[in-house]
Amino acid sequence: MKIVKLGVVCGGLLPALLAGCSSEGASSAGEGASPSAGGSSPSVGIKMSSPAFADGAAIPKKYACAGQGGQNISPPLAWSGVPGSAREMAIVVEDTDAPGGSYIHWIVTGIPVSESGVGEGGAPGKVAPGSDGRPAYAGPCPPGGVHHYHFIVYALPGPIKPAGDARAVHKQIKDAAVTSGETVGTWGN
């Protein structure tokens with residue numbers, strides 16, 4: 001019975017044995033995957049966090065859009081547990097509560113595997129256009145209600161060539177990933 005419970009908490013027995021068991025980073029949508037992104041989910045093995053907010057907690061105002069009193073800068077992120085098979089990393093920030101479905105706030109590809117995080121306002125790779133069509137971080141700016149922002153880091157077996165709109169690029173990254181990790185922040189009222 002404990003093995004079954006470990007599988008539920010850790011996203012599978014193999015990731016539990018490889019990465020250790022923790023409820024940190026778990027979300028109701030499933031670790032490492034968003035419900036609207038489509039495709040298969042990569043296994044979860046990377047621990048993702050932000051020194052600016054705890055998993056499941058409110059994102060500080062400075063990281064929100066200017067229209068909501070923020071500075072529209074990306075928060076600092078940190079990760080560990082990147083597998084040796086990874087050759088590149090990518091970051092996607094997704095609002096799964098957006099009125100029109102998934103809204104991509106930030107996509108960064110081409111991150112060297114030697115990186116273990118990104119500083120506030122930084123982008124250690126190539127920034128692709130988000131759902132707003134701009135290649136930049138777009139801070140939380142929901143029209144109302146509390147929204148969940150999934151900060152996801154993906155380990156990729158090699159470089160990708162982003163193609164299509166932001167949702168298509170996210171699916172491309174997710175489908176290519178060998179593993180992922182995420183932390184979730186909230187914003188709204």
Side-chain angles (χ1 to χ4, degrees), residues 10-12 14-15 18-19 25-50 55-56 59 63 65 74-75 77 79 81-83 85-113 115 117-118 122-143 147-187:
C10 296
L14 185 57
L18 296 176
S27 73
S28 61
E31 297 101 13
S34 63
S36 57
S40 62
S41 298
S43 65
V44 177
I46 300 175
K47 180 173 173 44
M48 175 73 142
S49 64
S50 176
D55 186 49
I59 298 168
Y63 306 115
C65 72
S74 59
L77 301 169
W79 56 83
V82 176
S85 61
R87 297 293 172 257
E88 184 172 291
M89 307 295 290
I91 296 171
V92 174
V93 178
E94 176 183 30
D95 173 4
T96 57
D97 301 313
S102 168
Y103 190 93
I104 308 298
H105 285 260
W106 199 33
I107 300 173
V108 183
T109 62
I111 303 169
V113 293
E115 297 289 337
V118 57
K126 181 174 170 65
V127 180
S131 291
D132 65 0
R134 297 179 322 115
Y137 172 80
C141 207
H147 287 233
H148 296 82
Y149 297 85
H150 298 257
F151 291 78
I152 311 164
V153 64
Y154 293 97
L156 304 172
I160 65 160
K161 293 182 181 179
D165 67 9
R167 286 185 192 177
V169 172
H170 185 199
K171 182 178 182 330
Q172 181 184 5
I173 291 168
K174 184 176 172 182
D175 288 349
V178 294
T179 191
S180 67
E182 79 174 75
T183 191
V184 178
T186 62
W187 181 260

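Between Ile91 and Trp106 the shortest side-chain heavy-atom distance falls below 4.5 Å. In this structure, the side chains of Asp97 and Pro142 stay at 4.5 Å or more apart for every pair of heavy atoms. Taking the side chain as every heavy atom from C-beta outward, Asp95 and His105 approach each other to under 4.5 Å. Using a 4.5 Å heavy-atom cutoff, the side chains of Ile173 and Thr109 are in contact. Counting heavy atoms from C-beta outward, Val93 and Ile152 have side chains that stay 4.5 Å or more apart.
In terms of heavy atoms, Ala166 sits closest to Ile107 at O-CD1, 3.8 Å. Here the closest non-hydrogen pair linking Ile46 and Ala155 is CD1-CB, 3.9 Å. When every heavy atom of Pro143 is checked against every heavy atom of Pro99, the shortest pair comes out as CG-CG, 3.9 Å. The shortest heavy-atom contact between Ser85 and Val178 is OG-CG2, 4.0 Å. Counting all heavy atoms, side chain and backbone alike, Pro75 lies closest to Ser50 at CB-OG, 4.2 Å. Shown here for Val118 and Ala123, the closest heavy-atom pair between the two residues is CG2-N, 3.9 Å.
With hydrogens and angles disregarded, no donor-acceptor distance shorter than 3.5 Å links the side chain of His147 to the backbone of Trp187. Thr96 contributes no side-chain N or O that, together with a main-chain N or O of Ser102, makes up a donor-acceptor pair within less than 3.5 Å. Of the possible donor and acceptor atoms, none in the side chain of Trp79 sits under 3.5 Å from a partner among the backbone N and O of Glu182. Using a distance-only test at 3.5 Å, with no hydrogens or angles considered, no donor-acceptor pair links the side chain of Asp55 to the main chain of Thr183. Between the side chain of Gln172 and the backbone N or O of Ile160 there is no donor-acceptor pair closer than 3.5 Å. A distance-only check finds a donor-acceptor pair linking the side chain of Tyr137 to the backbone of Tyr63 [under 3.5 Å]. At distances below 3.5 Å, not a single donor-acceptor pair connects side-chain atoms of Glu88 with backbone N or O atoms of Ile111.
No side-chain N or O of His150 forms a donor-acceptor pair with one of Glu94 less than 3.5 Å apart.
The line from OH of Tyr154 to NE2 of His170 is 2.5 Å long, rounded to the nearest 0.5 Å. Put simply, CG on Leu156 and CE on Met89 are 7.5 Å apart, with the number rounded to the nearest 0.5 Å.
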Practice task
In sequence, state the C-alpha distance, the side-chain angles, and the governing distance for Tyr149 and Val184, and then conclude on side-chain contact (heavy atoms from CB on, under 4.5 Å).
Solution key: CA-CA 5 Å; Tyr149 297 85; Val184 178; 5.9 Å; no
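Evaluation of the salt bridge (Lys or Arg N to Asp or Glu O under 4.0 Å) rule for Asp165 yields no partner, not counting sequence neighbours.
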